[in-house]
K.L.:
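Here it is, the structure, as structure tokens.
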Amino acid sequence: MNSRERFKAVMRGERVALPLWEYAYWVDTIRNWYQCGLPNVYGLPETLSGGSMVYGESLYWPDEASAGPRDRDVHAYFGLDEGYIRVPVKSWIWPPFEIQTISDESDRLILRDQMGVVREVMKDGKSVPRFLQSPVRNREDFDIMKSRLDPSTEGRFPENWDTMAQGFNEAQFPVVFGGHPCGFFGSLRYLIGLENLCYTYYDNPSLIHEVNNHLCNLWVNVWGKALSEVKVDCVHMWEDMSYVGGSLISPAAFREFMMPYYKRVVNTIKDCGVEFIWVDTDGDCRELIPLFVECGITGMYPFEA
């Protein structure tokens, strides 16, 4: 049984051994393991800072926005199973914003990233960024942003798409699609900003519907084409809409602002023959699980509360 077959068997609830995968490692962890005897065959780039991530088998998104070094020496030493790969279709802001340095101080940078978000980043990489400003503050901003969320924009599919699709269809490992930052709450965290988003549900609900309807059309069109041509084992949605105390919006708000768009996207995914659809949301999401199930979601992760 190859890792693709094993993955699907586990997801169907069959009594088979779980895939031997790891999620990710800090680069300093693996460097310490080298000192303790891990064979250094492939190594890691010397330029990686201590806060950098080394990708494991269950966290490999091979695209220019998020590609990192693989755990090749750890994988070989422990004989881990082959991990999954995400189909590299541009499902988000395209073309991306040009990264712009706004301020360069001794220990930190303030920059505008590829999503148009202004963030403060510590140069040592040992803390998470601090988000200062999101690109959509009102409807006028979103009207400008729409051109980067257009499903017809050239370049969303790789130039060698036909060859790549054939390779994925014949793969012996799981093939997945979607993921960060695609979701009807998660995407808005970047577009509008988390705190402003929570206010906007009450102050400007029509804008929330307009944004989510636009995202829904983007994904129905782009994903519908991709999934009709590639045999995908699982589609990921990314929300990060919960914390240790519960969800960040109420079930009523979920039903009003997210469920209609989830159902449209999920129907498109299932019409293309995809069996498994997961939602990634950190924290305690238990009150939202019945609503995700009603939308057609088949899996939730991680459970951290």
Side-chain angles (χ1 to χ4, degrees), residues 4 7-8 11 21 23-24 55 57-68 83-94 96 114-115 148-151 153 155-158 161 164-165 167-169 171 173-191 211-242 258-282 285 288 291-293 295-302:
R4 189 172 203 172
F7 172 83
K8 290 190 287 188
M11 290 300 101
W21 290 348
Y23 188 72
Y55 283 45
E57 294 71 24
S58 64
L59 184 62
Y60 183 34
W61 306 128
D63 57 40
E64 61 271 24
S66 58
Y84 54 55
I85 286 183
R86 177 170 67 169
V87 179
V89 169
K90 308 303 181 187
S91 301
W92 180 228
I93 293 172
W94 188 258
Q114 291 180 307
M115 294 187 284
R148 297 180 187 266
L149 298 169
D150 185 341
T153 304
R156 289 195 175 275
F157 287 79
W161 171 247
M164 183 176 291
F168 285 135
N169 289 336
F173 47 79
V175 177
V176 301
F177 196 89
H180 178 270
C182 299
F184 293 110
F185 182 95
S187 292
L188 275 66
R189 286 184 53 169
Y190 290 117
L191 290 173
V211 173
N212 275 344
N213 186 62
H214 195 89
L215 292 174
C216 186
N217 289 334
L218 168 66
W219 295 329
V220 164
N221 283 277
V222 174
W223 293 9
K225 171 178 168 54
L227 299 177
S228 68
E229 299 173 6
V230 174
K231 297 176 183 177
V232 168
D233 302 301
C234 184
V235 170
H236 292 236
M237 304 291 291
W238 182 85
E239 296 297 2
D240 273 13
M241 59 188 302
S242 306
M258 297 177 63
M259 184 174 286
Y261 310 106
Y262 253 104
K263 287 185 174 181
R264 283 180 57 197
V265 169
V266 167
N267 285 340
T268 297
I269 293 169
K270 291 189 173 181
D271 285 346
C272 293
V274 179
E275 191 173 354
F276 310 113
I277 307 173
W278 293 357
V279 169
D280 172 358
T281 177
D282 301 340
C285 62
L288 299 182
L291 301 179
F292 278 115
V293 172
C295 291
I297 299 301
T298 65
M300 303 285 293
Y301 75 103

K.L.:
Rounded to the nearest 0.5 Å, what separation is found between the CZ atom of Arg148 and the OG1 atom of Thr153?
P.N.:
10.0 Å
K.L.:
Would you say Asp282 and Ser242 make side-chain contact, with heavy atoms under 4.5 Å?
P.N.:
no
K.L.:
Would you say the side-chain atoms of Arg86 pair up with the backbone N or O of Gly178, donor to acceptor, closer than 3.5 Å?
P.N.:
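Side chain of Arg86 to backbone of Gly178: a pair is present.
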K.L.:
Can you find a pair of side-chain heavy atoms, one from Leu188 and one from Leu215, that are under 4.5 Å apart?
P.N.:
yes
K.L.:
Do you know the tightest heavy-atom contact between Ile297 and Tyr262?
P.N.:
CD1-CE2, 3.9 Å
K.L.:
Run the numbers on Val222 and Val220 for side-chain contact (heavy atoms from CB on, under 4.5 Å), then give the verdict.
P.N.:
CA-CA 6 Å; Val222 174; Val220 164; over 6 Å; no
K.L.:
Which pair of heavy atoms, one from Ser187 and one from Cys182, lies closest together, and at what distance?
P.N.:
OG-CA, 3.5 Å
K.L.:
With the side chain counted from C-beta on, respond yes when Tyr301 and His236 share a heavy-atom pair under 4.5 Å apart, and no when they do not.
P.N.:
yes
K.L.:
Pair Val175, Lys231 - check side-chain contact (heavy atoms from CB on, under 4.5 Å), show working.
P.N.:
CA-CA 8 Å; Val175 177; Lys231 297 176 183 177; over 6 Å; no
K.L.:
Please check this pair: side chain of Arg189 against backbone of Asp240, looking for a donor-acceptor N/O pair closer than 3.5 Å.
P.N.:
yes
K.L.:
Do Trp223 and Ser91 get their side chains close enough for a donor-acceptor pair, meaning under 3.5 Å?
P.N.:
yes
K.L.:
Please confirm whether the backbone N or O of Asn213 pairs with a side-chain atom of Tyr261, one donor and one acceptor, at under 3.5 Å?
P.N.:
no
K.L.:
Atom CD1 in Ile93, atom CG in Asp150: separation rounded to 0.5 Å?
P.N.:
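Ile93 atom CD1 to Asp150 atom CG measures 13.5 Å (nearest 0.5 Å).
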K.L.:
Mind telling me whether Tyr190 and Trp238 have parallel, tilted or perpendicular rings, with 30° and 60° as the class edges?
P.N.:
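Parallel, since the angle between the ring planes stays under 30°.
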K.L.:
Taking the side chain as C-beta and beyond, is there a heavy-atom pair between Val89 and Lys225 under 4.5 Å?
P.N.:
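Val89 does not reach Lys225 side chain to side chain.
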K.L.:
I want to know whether Trp219 and Phe177 have ring centres closer than 6.0 Å.
P.N.:
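So the answer is no for these two rings.
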K.L.:
Show the nearest heavy-atom pair for residues Ser58 and Tyr84, with the distance to one decimal.
P.N.:
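Smallest interatomic distance, heavy atoms only, reads O-OH, 2.9 Å.
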K.L.:
What are the two closest non-hydrogen atoms of Ala165 and Val230, and how far apart are they?
P.N.:
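So the minimum-distance heavy-atom pair works out to CB-CG2, 3.6 Å.
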K.L.:
Are the side chains of Val235 and Val176 in touch, meaning some heavy atoms are under 4.5 Å apart?
P.N.:
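No, every pair of side-chain atoms sits at 4.5 Å or beyond.
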K.L.:
For Lys8, is the NZ atom crowded, meaning more than 12 foreign heavy atoms sit under 6.0 Å from it?
P.N.:
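Correct, the count exceeds 12.
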K.L.:
Which residues satisfy the salt bridge (charged side-chain N to carboxylate O under 4.0 Å, His left out) test with Arg4, sequence neighbours excluded?
P.N.:
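Result, salt bridge (charged side-chain N to carboxylate O under 4.0 Å, His left out) vs Arg4: Asp233.
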K.L.:
Counting C-beta onward and ignoring hydrogens, is there a side-chain heavy-atom pair between Glu239 and Cys285 closer than 4.5 Å?
P.N.:
no
K.L.:
Taking the six-membered ring where the residue is Trp, are the ring centres of Phe173 and Phe7 under 6.0 Å apart?
P.N.:
no
K.L.:
Give a yes or no on whether the backbone of Met259 and the side-chain of Arg264 come within a donor-acceptor separation of less than 3.5 Å.
P.N.:
no
K.L.:
Where do Leu149 and His214 come nearest, in terms of heavy atoms and distance?
P.N.:
O-NE2, 3.3 Å
K.L.:
Any side-chain heavy-atom pair from Glu229 and Phe157 closer than 4.5 angstrom?
P.N.:
no
K.L.:
According to salt bridge (charged side-chain N to carboxylate O under 4.0 Å, His left out), who are the partners of Lys270, at least two apart in sequence or on a separate chain?
P.N.:
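Applying salt bridge (charged side-chain N to carboxylate O under 4.0 Å, His left out) to Lys270 gives none.
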K.L.:
For residues Arg156 and Lys90, report the shortest heavy-atom separation together with the two atoms involved.
P.N.:
NH1-O, 2.7 Å
K.L.:
May I ask you to decide if Phe276's main-chain N or O and Thr298's side chain share a donor-acceptor pair within less than 3.5 Å?
P.N.:
no
K.L.:
If I take atom CD from residue Glu57 and atom CH2 from residue Trp21, how far apart are they, to the nearest 0.5 angstrom?
P.N.:
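Atom-to-atom, Glu57:CD and Trp21:CH2 are 8.5 Å apart.
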